[in-house]
Amino acid sequence: MSRRISAIKADLKSKTTKEGWALPRPTSSFADPGVWTNIDCDVTPLDRRTWSAWTMFGYWFSDALNAQSWMAPASIIAIGLTWREAVVCIIFGSLVCTVPLVLNGMVGARLHIPFPVAMRASFGWYFSRFAVVTRAITALFWHAIQTYTGSTAMTQMIRAIWPSYLDIPNHIPESVGITTQGMVSHLIFWTIQFPILLIPPHKLKWFFVAKSVLVVTTSIAVVITMTSKAGGTGDIWNLPYGVDGSARSWLILSSLSSITGGWATMATNIPDFTRYLKTDKGVYYQVLFLPAIQLMLGLFGIICCSASKVVYGKYIWDPLEIASHWDGPSGRAGAFFVGLCWVVAQIGTNLSANVISCANDICCLFPKYVNIKRGVVFATITAAWIMQPWKIIHSAQSLLAFMAGLGIFLAPIAALLSADFWVVHKHKYDVPGLYRAHGRYRYNKYGTNWRAAIAVLVSVVPNLPGMAASVNPSIAGKIGDADKLYFMFYFWGYTSAFVVYVALNYFWPAPETHISATIYDDGDIISAEERADSDVAEDKKGLEVETSPV
């Protein structure tokens with residue numbers, strides 16, 4: 001015991017200096033001497049490749065089953081379209097998103113490297129940090145929003161047991177944007193979520209499965225309950241169109257693009273999770289997983305919203321608000337399980353889409369001092385408390401529009417990762433070279449691939465006026481038809497960046513980055529170049545044998 005206490009004291013004393021926070025450097029690292037890395041940035045070891053296709057199925061259930069997916073049809077119907085257009089947008093918007101999900105997911109599944117490392121092949125050693133920082137900022141904002149949503153679910157759980165919980169007097173000024181009761185719920189939810197976020201990603205597969213069972217079961221129960229109370233599914237199926245003509249067509253395109261853009265973050269950094277797969281077969285199933293899950297939860301939302309009009313006299317899209325109307329012993333029991341369902345759902349979404357991704361980004365930016373666990377601690381404290389998500393939720397709608405607009409920056413990042421791996425380098429990477437500051441993927445003394453920079457500009461700049469108009473509607477009339485391009489921001493952003501990057505590499509290639517076969521390890525007996533020379537020699541030998549006289 002005394003030795004343990006002494007060790008703790010020594011560790012605490014070491015943390016008073018900067019070097020005391022330095023992580024042990026693994027001997028298996030590919031990094032140059034003097035360039036730090038850690039096990040969470042390195043190639044995923046064999047003992048951590050534990051995921052299967054079923055794990056990916058559970059993963060997508062964990063990610064897609066959240067309150068926002070339930071309410072996804074709301075925004076589509078609210079702008080004047082019908083449930084039919086909502087279904088079409090959900091299906092095709094999700095299918096479009098599966099293209100980069102599969103293409104980029106293969107990078108992680110085949111090379112077992114995280115997203116920040118993979119981006120060095122196309123962006124260059126230093127310019128790749130632009131992609132990493134953009135993704136990290138997006139993850140922080142969404143982690144904050146998802147955490148606050150989880151807090152409202154926690155409120156339903158607590159008030160179901162103690163109804164007087166809603167009567168807690170408020171002692172927080174209105175300018176803060178949250179009440180005392182809301183702050184208590186936020187603290188309780190975050191306290192429960194925090195230790196779960198610290199679980200290593202390769203050990204999370206059973207959590208994803210458990211969440212899937214709980215959320216699907218509870219969601220079906222809510223649908224049955226609401227249709228039973230309403231004596232049917234309601235009248236939302238017969239709502240007329242609110243818009244007609246070309247305006248309707250543009251709204252459909254805008255809604256479809258919004259569904260796709262909602263998954264822009266995952267389409268970008270999916271290698272952070274597919275790196276844990278045993279084989280790459282699980283990547284292809286995403287084409288079925290995401291659209292099916294999105295459609296199922298969207299239909300649940302439509303049915304319950306329609307029934308709520310009959311039961312409560314108004315359309316209610318939020319499942320937690322529906323549960324808040326349930327009183328009495330049986331009603332409160334139902335509200336408790338609905339709250340539990342979405343508490344688990346929000347934690348799972350934070351795990352799969354936000355906090356681990358942000359932690360990966362941070363630990364690759366500062367590998368000497370940050371691993372995934374430390375990155376998680378930094379991300380969840382920053383998002384849940386420093387960023388004050390209650391202000392994000394309750395502030396002007398323009399802030400949320402700006403958050404959605406971040407998809408215009410994520411689209412070219414996802415496109416360049418896809419284009420570089422599949423078309424430019426034909427899935428042949430020098431994996432150790434990705435970890436070396438002066439390796440083959442540095443491109444120039446600035447560590448920047450100018451081809452990637454041009455592709456990003458071509459993708460992003462035309463979308464900026466439309467994004468500005470969505471944040472500040474007062475300037476919409478000053479930008480002409482530029483907002484029309486923004487209605488399809490992800491399609492333009494992804495496609496234009498992909499085509500421009502491939503074209504620039506075709507006419508002005510970077511020959512030093514091209515190899516004839518993937519190099520996985522410095523310990524390979526035959527390098528890619530040597531293997532190519534060996535193949536040529538074998539071909540010549542075979543030709544000599546065929547042409548030699550008998």
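Keep in mind that the numbers below use all heavy atoms, side chains included, and drop hydrogens, waters and symmetry copies.
Ring orientation note: the planes of W342 and W70 are nearly perpendicular, at an angle over 60° on the 30°/60° scale. Between Y276 and W51, the angle of the ring planes lies from 30° to 60°, which puts this pair in the tilted group. Aromatic ring pairs are classed by plane angle as parallel below 30°, tilted from 30° to 60° and perpendicular above 60°; the pair W250 and F487 is tilted.
The line from SG of C89 to CG of L295 is 12.0 Å long, rounded to the nearest 0.5 Å. If you take CD1 on I356 and CG on D361, they are separated by 12.0 Å, rounding to the nearest 0.5 Å. Note that CH2 of W390 is 14.0 Å distant from OG1 of T152, once rounded to the nearest 0.5 Å. Between the OG atom of S257 and the CH2 atom of W492 there is a distance of 13.5 Å, given to the nearest 0.5 Å. Put simply, CD1 on I408 and CE on M467 are 4.5 Å apart, with the number rounded to the nearest 0.5 Å. With rounding to the nearest 0.5 angstrom, the CG atom of D40 is 8.5 Å from the SG atom of C364.
With no hydrogens or angles considered, a side-chain donor-acceptor pair links T44 and R275 at under 3.5 Å. If you check the side chains of N354 and Q146, you find no donor sitting under 3.5 Å from an acceptor. If you check the side chains of T82 and E85, you find a donor sitting under 3.5 Å from an acceptor. A side-chain donor-acceptor contact under 3.5 Å links Q181 and S185. When only modelled atom types and interatomic distance are considered, T260 and Y494 share no side-chain donor-acceptor pair under 3.5 Å. Side-chain contact annotation: T147 with W190, donor-acceptor N/O pair under 3.5 Å absent.
Checked by atom type and distance alone, the side chain of S228 never pairs as donor or acceptor with a backbone atom of T225 at under 3.5 Å. Here the side chain of S459 pairs a donor or acceptor atom with the backbone of G493 at under 3.5 angstrom.
With sequence neighbours excluded, no residue forms a salt bridge (Lys or Arg N to Asp or Glu O under 4.0 Å) with R332.
Shown are D272, T268, N360, N269; of these, the side chain to side chain donor-acceptor pair (under 3.5 Å) with R135 is made only by N269.
Closest approach of C41 to V117, counting heavy atoms only: O-CG2, 3.7 Å. When every heavy atom of C341 is checked against every heavy atom of V215, the shortest pair comes out as SG-CA, 3.7 Å. A264 and G407 make their closest contact through CB-CA, 4.4 Å (heavy atoms, listed as atom of the first residue, atom of the second, distance). Taking every heavy atom of both residues into account, L410 and T134 meet most closely at CD2-CG2, 4.1 Å.
Other residues, nucleotides and ligands place no more than 12 heavy atoms under 6.0 Å from the CZ atom of F337. Counting non-hydrogen atoms of neighbouring residues, nucleotides and ligands closer than 6.0 angstrom, the OH atom of Y312 exceeds 12 such neighbours. The neighbour count for F491 CZ, taken as heavy atoms of other residues, nucleotides or ligands under 6.0 Å away, is above 12. Within 6.0 Å of the CH2 atom in W54, the count of heavy atoms belonging to other residues, nucleotides or ligands does not exceed 12. Crowding of Y315 atom OH: a count of heavy atoms from other residues, nucleotides or ligands under 6.0 Å exceeding 12. Atom CZ of F378 sits in a sparse spot, with 12 or fewer heavy atoms from other residues, nucleotides or ligands closer than 6.0 Å.
For the pair I303 and W237, the minimum side-chain heavy-atom distance is below 4.5 Å.
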